[in-house]
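Following: one structure in structure tokens, then a few remarks.
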There are 2 protein chains.
Amino acid sequence: MICEAAARLFRDKGYKSTSMRDLAREVRLKASSLYNHIQSKEEILQEICFDNARRFLEGMTEVEKLEASAADKIRALIRLHICIATNDVTSVTAFNDEWRHLSEPHLSEFKALRREYEQRFRLIIEEGVRLGELKPLHSTVALYTIFSSVRWLYDWFRTGKGISANDVERNIIRLLMEGMETDK
Amino acid sequence: MICEAAARLFRDKGYKSTSMRDLAREVRLKASSLYNHIQSKEEILQEICFDNARRFLEGMTEVEKLEASAADKIRALIRLHICIATNDVTSVTAFNDEWRHLSEPHLSEFKALRREYEQRFRLIIEEGVRLGELKPLHSTVALYTIFSSVRWLYDWFRTGKGISANDVERNIIRLLMEGMETDK
DNA sequence: CCTACCGATCGGTAGG
DNA sequence: CCTACCGATCGGTAGG
């Protein structure tokens, strides 16, 4: 309850702009009473960041197990990102934008998890290129382009403007896999 | 000078986490002396946000004048985003991440400029689809996918890991226009 | 350009 | 769960 309210505030105003008094008002307590439920402001941010990091890494493990082409694995990972965003937009947005306010050693630990996820994603791309299933793309460029392409959804689903998650998913996957331009 | 230092701090720590004492230290003044050069902390953020908004809109105006296909105009706009990022990464990152801390009426004014840019971009995509130069994509999905695909560069150029801007540009444009997957 | 200082607000604690 | 309060820090001003 407190954690959900905090995630919403962190997403809307940012971690630093959210005061414990803001959070207390939201859950109808006095600021001091929050500390019967949590240890500190940062502890909430830590939970948000590490819960989501875990979700992504678990999803990656599932995808790696698939007997599928690199292109299909990438499609599955794009769906993973969209699925996580759909299930808990608020939390994943805070995780995306506010992790840098973690203090050490949590910051370094978080960065290491992020890096691990990226590395495993990159391996899938590189294997696809090696096997000729993907065009000879620079793996880093491809990696970050995919990440970014689903990142805007975290803002999008929040305001939910009429397209269904399924439609968006299909469009993004097609765009990234087949491109925008018609064949000449 | 003050403005450049502020942009760097806003990018690295965020607007709210940057104190006027941080900024003063950076330019070797006392905090109070800053106010002989600037009016307020927010004024600096306003300059950063509106300068960049103007850059994007001017670039858009140039692209609209081109006698070219929709696909070529989109390629030109992708280059515009990358060009602006290359020329002043710091400022454009602050602009991207920190505009929400603007106060009214600047916040609404900024959002209006942003919306105008998006609308003009969307028109180009929709014309391309109508003329059959682009696949029948959902224009909003295409729009935000393009925006996001170049957004990560703002972080990338900052740490500059060995690929040239030209290489990155070519890779992103190819990926978005032709897709990742090889033809079957 | 500085010293000195303002009221407001911050995250958090003591004590009940 | 609250009242009362802490020291630290915030953006900014007065006055020279």
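As the structure is a computational prediction, the values presented were derived from the model and not from experiment. Throughout, a chain's letter reflects where its sequence line sits, starting with A, and its residues are numbered from 1.
- Atoms CD (E43(B)) and P (dG11(D)) sit 15 Å apart, rounded to a whole Å.
- Whole-Å rounding puts the Y35(B) OH to dG15(D) P distance at 18 Å.
- The separation between K41(B) atom NZ and dG12(D) atom C1' is 12 Å, rounded to whole Å.
- The closest donor-acceptor contact from the side chain of E104(B) to the backbone of S108(B) lies under 3.5 Å.
- Here T18(B) lies in heavy-atom contact (under 4.0 Å) with sugar-phosphate atoms only.
- The shortest non-hydrogen separation linking S148(A) to Y144(A) is OG-O, 2.6 Å.
- Checked by atom type and distance alone, the side chain of D22(B) pairs as donor or acceptor with a backbone atom of S19(B) at under 3.5 Å.
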**OP:** Treat a base pair as Watson-Crick or G-U wobble with both distances under 3.5 Å, then lay out DNA chain D in dot-bracket form, 5' to 3', with | for cross-strand pairs.
**Re:** ||||||||||||||||
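- Residue Q119(B) places its CD atom among more than 12 non-hydrogen atoms of other residues, nucleotides or ligands, all under 6.0 Å distant.
- The CG atom of L34(B) sits 12 Å away from the P atom of dT13(D) (whole-angstrom rounding).
- Taking the six-membered ring where tryptophan is involved, the planes of Y117(B) and H81(B) are tilted, since the angle between them lies from 30° to 60°.
- Looking only at atom types and distance, the side chain of R55(B) has a donor-acceptor partner in the side chain of N52(B) under 3.5 Å away.
- As a whole-Å value, the separation of R25(B) CZ from dT9(D) P is 11 Å.
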Could I get a table of every N or O pair under 3.5 Å where one atom is in the protein and the other is in nucleotides 1-5 of chain C?
unit_1 : atom_1 : unit_2 : atom_2 : d
dC1(C) : OP2    : H37(B) : NE2    : 3.1
dC1(C) : N4     : N36(B) : OD1    : 3.3
dC1(C) : N4     : N36(B) : ND2    : 3.3
dC2(C) : OP2    : K30(B) : N      : 3.0
dC2(C) : OP2    : S33(B) : OG     : 2.5
dT3(C) : O4     : S32(B) : OG     : 2.8

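- When each of F10(B), F110(B), Y15(B) is checked for a ring pair (Phe, Tyr, Trp, His ring centres under 6.0 Å) with H101(B), only Y15(B) meets the rule.
- In this entry the distance linking NE2 of H101(B) with P of dG11(D) reads 12 Å, nearest Å.
- Distance L9(B) CG to dG11(D) P: 11 Å, rounded to the nearest Å.
- Looking at D72(A) and L66(A), their side chains never come closer than 4.5 Å, going by heavy atoms from C-beta outward.
- Sorted by first then second residue, the side chain to side chain donor-acceptor pair (under 3.5 Å) pairs that include residues 125-138 of chain B, not counting sequence neighbours, are E126(B)-S139(B).
- In this structure, I38(B) places its CD1 atom 10 Å from P of dT13(D), rounding to the nearest Å.
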